[in-house]
Amino acid sequence: MCTKSVILSVMIMLLTAPLSGCFSSDAMADNVNHDLPDPDLRINHLQMKGTHNSYHVEPIISPTREYMYTHETLDVQAADQGVRQFEIDVWWDPRGGLRVYHNQYDSGTTCPTFENCLEVLLEWSENNPSHHTTFVWIEPKDWLEQGLEITTTIQISDLLGLIEHELTQFWPENKTITPKQIQGNYSDPGEALRIEGWPTIEGGKGKTIFVLLATGDMRQIYMDDFYPNGAMFPMFTSLADSPDHARGFFSVTDPVNSHSDIEDLVSSGYIVRTRADSGGEEADNNDTTRLIAALTSGAHSISTDYPSKVDGIDYWVEIPGGNPSRCNPISAPPSCTSAFISSVD
């Protein structure tokens, strides 16, 4: 983490937490064959590192501290920093294609088009086929929808349809876990998850799930036009108002004030993304309060602007005992070990 004392305090707390399902007694550990994958481990038994605005490059002149960070390329994040959850903002460009950037004041990016981002991640994935399931949260963006809650340009441009098209064009179907696969012979994916549970870690190796990061009208358009037969997003992310049959993934960004909410969602079988830091505040103050809350909440992916050491800043995020991910402290069974999940390829 940031200092030896912080690492020690986090590890002591996690090792002694009563809800920690990943750490077992010596007697129990003696009965586990650590050389074989556990067939009962599922992708909701993971806890992994993620990045916020995973494509981001700091602008030359930043209007706010919030924009003052730079990520490595997506493949370097995966290979060298142990990142397994990514977030990509996607804009429709009237000149053609789908662009990736934060906003007009913060447009630096390591992969300027959606196709570029997918190609970089896909190459890493194909070169490292034993990685556990990765998660790519996609946030479709539109100026009118964000500023005035007007969806006209979303529908005229067919933004969501274009994202669907590029995913099916640039990402192989056999390397995804889709709504259709989750649903199987059930009436909807939600019912399938309630009865069958999530795919196994072993069966999900080398694959990716693409998740919608949207609420309100943007999500409703996808619900009306694409769900559940679309190729893109298996579930939806709003805590309060997503319909039961479309629940699976949730984005709950404040692990301190929403700690119990995250625990409850994880215990109920949902997959949760949260954030360890925001706007540079934690990094500037070397404050791990939010990070510790995220780790102990059982959130499956912990998103950060600082996935590795940066010159002049003592704060960054690691998953304690991760390889690079670890067993989820809330949902994983006692037999789980990080060696069962994956290792850095």
Side-chain angles (χ1 to χ4, degrees), residues 41-55 71 74-75 77-79 81-90 100 111 114 117-118 120-122 124-125 128-140 163 167 171-173 175-179 181-182 189 193 197-214 230-238 242 246-253 255 262 265-266 269-276 294-295 297-304 307 317 319 322 324-328 331-332 341-342 345:
L41 288 178
R42 297 180 180 271
I43 60 175
N44 63 310
H45 295 151
L46 297 165
Q47 188 173 66
M48 69 193 77
K49 185 196 303 187
T51 46
H52 166 246
N53 291 346
S54 303
Y55 54 83
H71 286 308
L74 303 178
D75 54 339
Q77 291 179 47
Q81 299 173 355
V83 175
R84 294 294 182 268
Q85 173 256 297
F86 304 87
E87 179 198 337
I88 301 175
D89 293 338
V90 179
V100 172
C111 46
F114 189 45
C117 294
L118 294 176
V120 171
L121 270 179
L122 180 60
W124 169 80
S125 179
N128 300 276
S130 65
H131 70 78
H132 71 65
T133 302
T134 56
F135 299 90
V136 179
W137 292 71
I138 298 175
E139 183 172 6
I163 294 174
L167 275 174
W171 200 277
E173 184 177 359
K175 289 184 64 63
T176 60
I177 297 174
T178 65
Q181 293 170 22
I182 291 173
L193 288 176
W198 291 97
T200 64
I201 290 176
E202 190 65 22
K205 284 188 173 180
K207 296 183 178 182
T208 295
I209 292 181
F210 295 94
V211 188
L212 177 68
L213 185 56
M232 182 165 46
F233 306 123
M235 300 291 147
F236 299 94
T237 63
S238 174
S242 57
R247 288 185 168 219
F249 284 86
F250 291 90
S251 180
V252 185
T253 58
I262 295 174
L265 288 168
V266 173
Y270 299 114
I271 290 179
V272 181
R273 162 195 179 263
T274 194
R275 291 183 62 181
L295 289 165
S297 72
H300 299 87
S301 61
I302 299 172
S303 187
T304 179
V317 169
I319 303 297
S325 302
R326 69 170 183 173
C327 305
N328 190 290
S331 62
I341 295 173
S342 74
D345 298 288

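Owing to the predicted nature of the structure, the values given are computational and were not obtained by experimental measurement. When reading the values below, keep in mind they use all heavy atoms of this one structure, side chains included, and skip hydrogens, waters and symmetry mates.
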Restricting to side-chain hydrogen bond (donor to acceptor under 3.5 Å, both in side chains), what partner residues turn up for [X], sequence neighbours left out?
X: Thr208; value: Thr134
X: Ser125; value: His131, Lys175
X: Arg42; value: none
X: Thr304; value: Asp277

Test of understanding: with side chain to side chain contact (heavy atoms under 4.5 Å, CB included), list the residues that count as partners of [X], not counting sequence neighbours.
X: Thr51; answer: Ser54, His71, Gln77, Val83, Phe86, Pro307
X: Asn53; answer: Tyr55, His56, Tyr69, Glu87, Asp89, His102
X: Ala276; answer: Leu291, Ile302, Tyr315, Val317

A side-chain contact here means heavy atoms from C-beta on lying under 4.5 Å apart; do [X] and [Y] qualify?
X: Ile138; Y: Leu167; answer: yes
X: Arg326; Y: Leu295; answer: yes
X: Ile262; Y: Pro255; answer: yes
X: Asn328; Y: Asn44; answer: no
X: Arg273; Y: His52; answer: yes
X: Leu121; Y: Trp171; answer: yes
X: Gln85; Y: Ser303; answer: yes
X: Leu212; Y: Pro140; answer: yes

For this session: Dump the intermediate steps for side-chain contact (heavy atoms from CB on, under 4.5 Å) on Phe135 and Met48, then the final yes or no.
Result: CA-CA 10 Å; Phe135 299 90; Met48 69 193 77; 3.1 Å; yes
Got a second to check how far [X]'s [atom1] is from [Y]'s [atom2], nearest 0.5 Å?
X: Phe210; Y: Ile88; atom1: CZ; atom2: CD1; result: 7.5 Å
X: Lys49; Y: Ser301; atom1: NZ; atom2: OG; result: 13.0 Å
X: Ile271; Y: Leu265; atom1: CD1; atom2: CG; result: 11.5 Å
X: Ser325; Y: His300; atom1: OG; atom2: NE2; result: 11.5 Å

To check you understand the geometry: which heavy-atom pair defines the closest contact between [X] and [Y], and what is its length?
X: Cys327; Y: Ala332; answer: CB-CB, 3.9 Å
X: Pro199; Y: Ile177; answer: CG-CG2, 4.0 Å
X: Ile341; Y: His132; answer: CG2-CD2, 3.6 Å
X: Thr274; Y: Ala299; answer: CG2-CB, 3.5 Å
X: Val266; Y: Ser331; answer: CG1-CB, 3.8 Å
X: Leu74; Y: Cys117; answer: CD1-O, 3.7 Å

Exercise. Sub-3.5 Å donor-acceptor pair from the side chain of Thr133 to the main-chain atoms of Ile43, do we have one?
Worked result: no
For this session: Start with the C-alpha distance between Gln181 and Thr176, add both sets of side-chain angles, then the distance that settles side-chain contact (heavy atoms from CB on, under 4.5 Å), and finish with yes or no.
Result: CA-CA 9 Å; Gln181 293 170 22; Thr176 60; 4.1 Å; yes
